Amino acid sequence: MRRVVCNGQRLGLRDVTEADVAALHAIYGDPTVTQHMPFAPRSLREVAGLVDRAMEAACAEPRLLYVLAVVDAERRDLIGVARLHVEADHPHSAEIGFGLHPHQWGRGTGTDLVRLLLSFGFKQLGLHRIWGARSPSNLPAQLAMLTAGMVEEGRIRHHVHTPHGWRDSIVHSAIEDEWTER
Ligand SMILES: CC(C)(COP(=O)(O)OP(=O)(O)OC[C@H]1O[C@@H](n2cnc3c(N)ncnc32)[C@H](O)[C@@H]1OP(=O)(O)O)[C@@H](O)C(=O)NCCC(=O)NCCS
């Protein structure tokens, strides 16, 4: 297994471990974090299962799923979670997802996180295309992805089923050569 080590100026990315379950639950268990996600707040047990599956996926060859702890670059504590899923049939392309603990919101950290994920995907994984799907009403995610250089591609109708019914998604993407030129 190739461990992820990716460090930016303010943030770092690393593989999740069992020791992260409580800190991840503080994020995935919070209804303000999951309000735009297609699932209800996760229980501690569900988060533990998610970490188990993430660690198993980290050992797969080829590796398609990266569930990463987002850490403060100096303090090294876990402040968020990021997910990058390489498409099995189109391995030049991957979908990203991300969330930060609400204490971190509104200070540019989300935008930095998207930038770091793009850098990780393009430079370390050699991807050509990286995309993310957000809820149409998720303004912070929209602005974070736009500012980080991910253009809006369009709308997928009834893309996901949420606890409140079907939900459309707005897709953003970045392409490697455009991103390098920025
Ligand atoms: C999406 C998320 C990571 C953004 O994190 P963040 O640290 O608040 O992002 P930033 O501080 O970089 O803000 C991004 C932009 O949104 C704006 N913004 C942040 N919170 C806002 C709010 N509540 N209302 C309106 N705008 C807001 C910021 O001003 C900034 O805009 P700017 O670039 O024009 O200055 C965070 O809101 C989060 O974890 N949400 C829950 C999980 C989630 O929805 N993930 C996205 C799935 S696609």
Side-chain angles (χ1 to χ4, degrees), residues 6-14 16 20-43 46-47 50-51 54 65-87 93-121 127 129-174 179 182:
C6 179
N7 291 308
Q9 283 192 332
R10 291 171 62 189
L11 301 173
L13 299 172
R14 61 160 173 79
V16 293
D20 296 321
V21 169
L24 288 170
H25 181 246
I27 299 169
Y28 277 134
D30 186 321
T32 56
V33 173
T34 59
Q35 64 183 313
H36 295 294
M37 293 182 172
F39 50 81
R42 304 281 199 206
S43 67
E46 285 172 326
V47 174
L50 186 147
V51 168
L65 180 63
Y66 296 80
V67 181
L68 304 174
V70 180
V71 299
D72 180 279
E74 281 178 15
R75 297 191 315 270
R76 306 309 292 177
D77 56 326
L78 188 153
I79 60 169
V81 57
R83 198 170 175 280
L84 184 148
H85 198 180
V86 178
E87 294 176 50
S93 172
E95 179 183 6
I96 55 168
F98 48 89
L100 293 171
H101 191 284
H103 290 159
Q104 307 293 328
W105 293 0
R107 286 183 275 148
T109 313
T111 306
D112 275 359
L113 172 55
V114 177
R115 286 197 182 104
L116 191 59
L117 271 172
L118 295 179
S119 166
F120 170 66
L127 294 167
R129 169 187 158 81
I130 297 176
W131 62 281
R134 64 167 172 88
S135 151
S137 60
N138 194 345
L139 181 62
Q142 175 185 25
L143 294 174
M145 288 194 278
L146 286 176
T147 307
M150 299 183 77
V151 301
E152 263 183 37
E153 280 189 340
R155 190 177 194 108
I156 308 178
R157 295 188 305 150
H158 287 204
H159 182 214
V160 288
H161 196 262
T162 77
H164 312 289
W166 289 107
R167 197 211 76 197
D168 295 358
S169 288
I170 305 295
V171 173
H172 291 243
S173 72
W179 177 80
R182 281 168 62 91

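We number each residue from 1, following the sequence as shown. Since the structure is predicted, the reported quantities are computational estimates derived from the model, not experimental observations. Atoms within a ligand are numbered from 1 in the order they appear, just like the ligands themselves.
At a threshold of 4.5 Å between non-hydrogen side-chain atoms, the residues Phe39 and Thr162 do not count as touching. By the 4.5 Å heavy-atom criterion applied to side chains, Arg83 and Ile96 are not counted as neighbours.
Nearest-residue assignment for atom 48 (S) of ligand 1 (options Ala148, Pro140, Ala133, Gly132; heavy-atom criterion): Ala133. By heavy-atom distance, the residue among Gly110, Ala82, Gly106 lying nearest atom 4 (C) of ligand 1 is Gly110. For atom 15 (C) of ligand 1, the nearest non-hydrogen atom from the set Leu143, Ile170, Asp30 comes from Leu143. With Gly97, Ser169, Ser135, Gly108 as candidates, the residue nearest to atom 10 (P) of ligand 1 on a non-hydrogen basis is Gly108.
Within a 4.0 Å radius of atom 32 (P) of ligand 1, the protein has no heavy atom. The nearest protein heavy atom to atom 6 (P) of ligand 1 is closer than 4.0 Å. When distances from atom 42 (C) of ligand 1 to the protein are checked, a heavy atom turns up under 4.0 Å.
The nearest protein atom to atom 25 (C) of ligand 1, hydrogens excluded, is given as Leu139 CD2, 3.6 Å; this is a heavy-atom distance. Distance from atom 45 (N) of ligand 1 to its nearest protein heavy atom, with residue and atom name: Phe98 O, 2.7 Å. For atom 39 (O) of ligand 1, the nearest non-hydrogen atom of the protein is Leu100 N, 2.8 Å.
Just one of Glu87, Glu153, Glu95 meets the salt bridge (Lys or Arg N to Asp or Glu O under 4.0 Å) condition when paired with Arg129; it is Glu153.
Shown here for Ala148 and Leu118, the closest heavy-atom pair between the two residues is O-CD1, 3.6 Å. Taking both residues in full, the closest heavy atoms of Gly121 and Ile130 are given as CA-CD1, 3.8 Å, listed atom of the first, atom of the second, then distance.
At a 3.5 angstrom cut-off on N or O pairs, Arg107 counts as close to ligand 1. Polar contact with ligand 1: present for Trp105 (N/O pair, distance under 3.5 Å).
Under 3.5 Å, the side chains of His161 and Arg167 contain no donor-acceptor pair of N or O atoms. Arg10 and Thr109 share a donor-acceptor pair across their side chains, judged by distance under 3.5 Å alone.
Put simply, the side chain of Trp105 gets close to the backbone of Leu100: a donor and an acceptor are under 3.5 Å apart. Within the 3.5 Å criterion, the main-chain N or O of Ile27 finds no donor-acceptor partner in the side chain of His101.
Contacts between Thr147 and ligand 1, counted as non-hydrogen atom pairs separated by less than 4.0 Å, involve the side chain only. With a 4.0 Å cut-off on non-hydrogen atoms, Met37 touches ligand 1 through its side chain and not its backbone. Residue-level proximity to ligand 1 for Thr34 is absent, since no heavy atom of it falls below 4.0 angstrom. Counting heavy atoms closer than 4.0 Å to ligand 1, residue Pro102 contributes nothing at all.
Residue contact check: Thr111 has heavy atoms under 4.0 Å from atoms 10 (P), 12 (O), 14 (C) of ligand 1. Taking a cut-off of under 4.0 Å to the non-hydrogen atoms of Asn138, the atoms of ligand 1 that pass are 43 (C), 44 (O), 46 (C).
In summary, Arg42 and Asp30 do not engage in a salt bridge, as defined by a charged side-chain N under 4.0 Å from a carboxylate O.
Aromatic ring orientation, Phe120 versus Tyr66: perpendicular (interplanar angle above 60°, classes split at 30° and 60°).
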